[in-house]
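So that the names make sense, note that chain A is the first sequence line, chain B the second, and so on, each numbered from 1.
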Number of protein chains: 2
Amino acid sequence: MIDADHPTVVGEPEIAPQRRRERRDAAAHRQRILEVARHLFGQFGVAAVSMHQIAQAAEIGQGTLYRRYANKGALCRDLMHEHQVVFAQDLQAWLSTSVRMSALTQLDGVIVRTLHFVDESTALLEAVVRTELRHDRCDLPHPDDRMPPGQEHWFLWIHDLLEGLLRKAVARGEIAALDAPYTADMLLALMNPMYLRFQQSARGYDLDRMIAGIRHVFLRGIHDVPGDATLPETDR
Amino acid sequence: MIDADHPTVVGEPEIAPQRRRERRDAAAHRQRILEVARHLFGQFGVAAVSMHQIAQAAEIGQGTLYRRYANKGALCRDLMHEHQVVFAQDLQAWLSTSVRMSALTQLDGVIVRTLHFVDESTALLEAVVRTELRHDRCDLPHPDDRMPPGQEHWFLWIHDLLEGLLRKAVARGEIAALDAPYTADMLLALMNPMYLRFQQSARGYDLDRMIAGIRHVFLRGIHDVPGDATLPETDR
DNA sequence: TTGACAAGTGGACAACGGTCCGCTTATAAT
DNA sequence: ATTATAAGCGGACCGTTGTCCACTTGTCAA
């Protein structure tokens with residue numbers, strides 16, 4: 001109820017000009033959390049460290065920890081953030097130096113680089129994926145406020161990148177028309193951290209073999225030209 | 001300690017001729033468990049039902065439940081078993097009626113049928129996959145004694161089937177040489193229940209679109225011939 | 001400086017998955 | 001029928017994830 005007697009400012013600035021910035025002590029805690037988590041993860045492995053442990057080691061309550069990070073996955077995402085940014089920049093840079101190449105070549109470059117990146121970050125990425133699917137997170141484009149703004153979900157970005165390159169390749173007549181969004185998703189499925197790890201540890205494939213396989217099927221399956229003189233060796 | 005006075009049978013039958021058969025009451029419990037689980041799953045969804053609940057509803061202790069099923073995944077596997085057998089037989093039957101077709105056509109048939117099967121069994125299959133990867137089950141060929149003997153892990157079977165068909169296609173000169181084991185794994189990755197569901201619910205792809213996409217990439221990527229006029233009908 | 005209030009905090013609590021272990025009982029050999 | 005024994009049983013118990021809520025404290029505005 002609005003009380004007319006009170007001197008409510010006319011156009012009261014409901015706009016909430018900018019979100020009250022993070023309290024200083026909170027920021028300090030945040031730092032400590034990341035630090036401690038990084039340390040514990042390094043020492044025992046991501047999977048073996050519980051949120052409770054992290055809270056204790058950081059000498060804060062669980063509630064505090066969960067306030068900042070809804071789950072271990074979120075924490076890992078924050079830890080990864082830096083790497084991701086670097087990766088994204090590198091990729092972006094490479095793309096811009098390679099504009100003169102064929103879209104297919106660019107696509108290949110993106111795939112290979114992404115695979116390497118995922119392969120290097122398996123530990124953290126796996127935790128992310130894991131918690132996401134524990135929560136039935138099958139509604140991928142989730143907002144997730146706790147994430148630094150502007151940092152969209154990473155996989156989404158890669159997806160769009162792949163899709164874009166596929167479209168470009170089609171537009172340039174490098175390949176026949178195809179279902180770009182779904183094809184991008186297929187590629188993404190093959191680069192899923194958990195799957196990657198499974199194939200490496202249980203099947204014993206190494207990264208190069210996987211890259212070769214993906215190349216063989218995709219770059220051929222997409223390409224119109226039957227000959228494969230330019231394709232990398234199947235080498236197995 | 002062996003007491004020499006006792007008439008221990010000379011070559012005592014250490015062989016344990018056949019495992020003492022399941023006690024009758026235990027068998028009854030098993031039935032009840034399956035029944036109750038099926039019911040609860042149907043009512044609330046697989047994910048929403050806890051082992052504790054199942055035990056309670058079946059009026060047995062948790063220990064009893066866990067004795068038979070190491071986890072929810074195992075229970076679901078048992079529930080699925082029947083369907084799986086039927087599916088396997090159907091597939092086998094179809095394969096034997098289609099021996100005169102090209103290996104590639106057979107491969108296509110297997111892929112399509114498997115996709116449909118997975119799609120129909122998502123609920124249960126998902127629980128299986130989920131628990132398997134919760135346990136870091138990245139060592140797939142796990143023995144898992146609690147499974148009906150002779151019933152190997154299902155995915156393994158499909159994998160071998162796919163691999164075999166790929167090899168056959170290569171041997172017959174239908175396609176260029178490739179890395180059959182890994183290619184089979186790629187296909188399997190795309191048929192993963194969790195991934196399937198994700199793509200359907202989050203991305204909104206329907207099964208036909210996915211089949212079309214996989215066909216486009218794989219049957220083209222593998223095939224030597226650029227045209228695709230010979231590709232089999234969708235037959236559903 | 002003061003006070004209001006949202007942001008921040010901590011720890012109790014609950015649900016779930018899963019293990020353990022001591023007791024009971026069906027079964028098979030005697 | 002008796003008995004040894006392994007199969008079966010139940011529920012207390014543990015660790016983990018995640019929620020809740022009463023309390024404290026930094027911050028901003030007056």
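- Atom C1' of nucleotide D:dC9 and atom OH of B:Y69 are separated by 16 Å, given to the nearest angstrom.
- Applying the salt bridge (Lys or Arg N to Asp or Glu O under 4.0 Å) rule to A:R167 yields the partners A:E163; only residues at least two apart in sequence or on another chain are considered.
- The interatomic distance linking A:R30 (CZ) with D:dG26 (C1') rounds to 17 Å, in whole Å.
- Here C:dC20 presents its C1' atom at 16 Å from CG of B:L65, a figure rounded to the nearest Å.
- Taking side-chain N and O atoms only, B:R67 has a distance below 4.0 Å to OP1 or OP2 of D:dG8.
- Contact check on B:R68 versus B:D78 returns no salt bridge, with no Lys/Arg side-chain nitrogen under 4.0 Å from an Asp/Glu carboxylate oxygen.
- With rounding to whole Å, B:H29 atom NE2 is found 11 Å from C:dA26 atom P.
- Take A:F41 and apply the ring pair (Phe, Tyr, Trp, His ring centres under 6.0 Å) test, not counting sequence neighbours, and it matches no residue.
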Output one letter per nucleotide in nucleotides 14-24 of chain D: B when a protein non-hydrogen atom lies under 4.0 Å from the base, S when only the sugar-phosphate is that close, - when neither is. --SSBBB----
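- Between A:T64 and C:dG8, a side-chain N or O to OP1/OP2 separation shorter than 4.0 Å is absent.
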Donor-acceptor contacts under 3.5 Å from residues 110-125 of chain A side chains, at least two apart:
unit_1: A:R113; atom_1: NE; unit_2: A:G109; atom_2: O; d: 3.4
unit_1: A:T114; atom_1: OG1; unit_2: A:V110; atom_2: O; d: 2.7
unit_1: A:H116; atom_1: ND1; unit_2: A:V112; atom_2: O; d: 3.2
unit_1: A:D119; atom_1: OD1; unit_2: A:Q200; atom_2: NE2; d: 3.2
unit_1: A:S121; atom_1: OG; unit_2: A:F117; atom_2: O; d: 2.8
unit_1: A:T122; atom_1: OG1; unit_2: A:D119; atom_2: O; d: 2.6

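- Comparing the start and finish of the helix from C:dT1-D:dA30 to C:dT30-D:dA1, five pairs each, the helix axis swings through 10°, to the nearest 10 degrees.
- When the nucleotides C:dG8, D:dC9, D:dG10 are ranked by their closest atom to the side chain of B:I60, D:dG10 comes out on top.
- Listed by first and then second residue, the side-chain hydrogen bond (donor to acceptor under 3.5 Å, both in side chains) pairs involving residues 34-58 of chain A are A:H52-A:Q62 (not counting sequence neighbours).
- Inspection of the A:N192 and B:Y195 side chains reveals no N or O donor paired with an N or O acceptor under 3.5 Å.
- Between A:Y205 and B:Y182, the two ring planes are perpendicular [angle over 60°; tilted spans 30° to 60°].
- Rounded to an integer number of Å, the gap from CD1 of B:I33 to C1' of D:dC9 is 11 Å.
- Distance, B:R32 CZ to D:dC9 P: 10 Å, rounded to whole Å.
- Using modelled atom types, one side-chain atom of A:K72 and one backbone atom of A:V49 make a donor-acceptor pair closer than 3.5 Å.
- When atom types are taken as modelled, the side chain of A:H29 and the backbone of A:A58 share no donor-acceptor pair closer than 3.5 angstrom.
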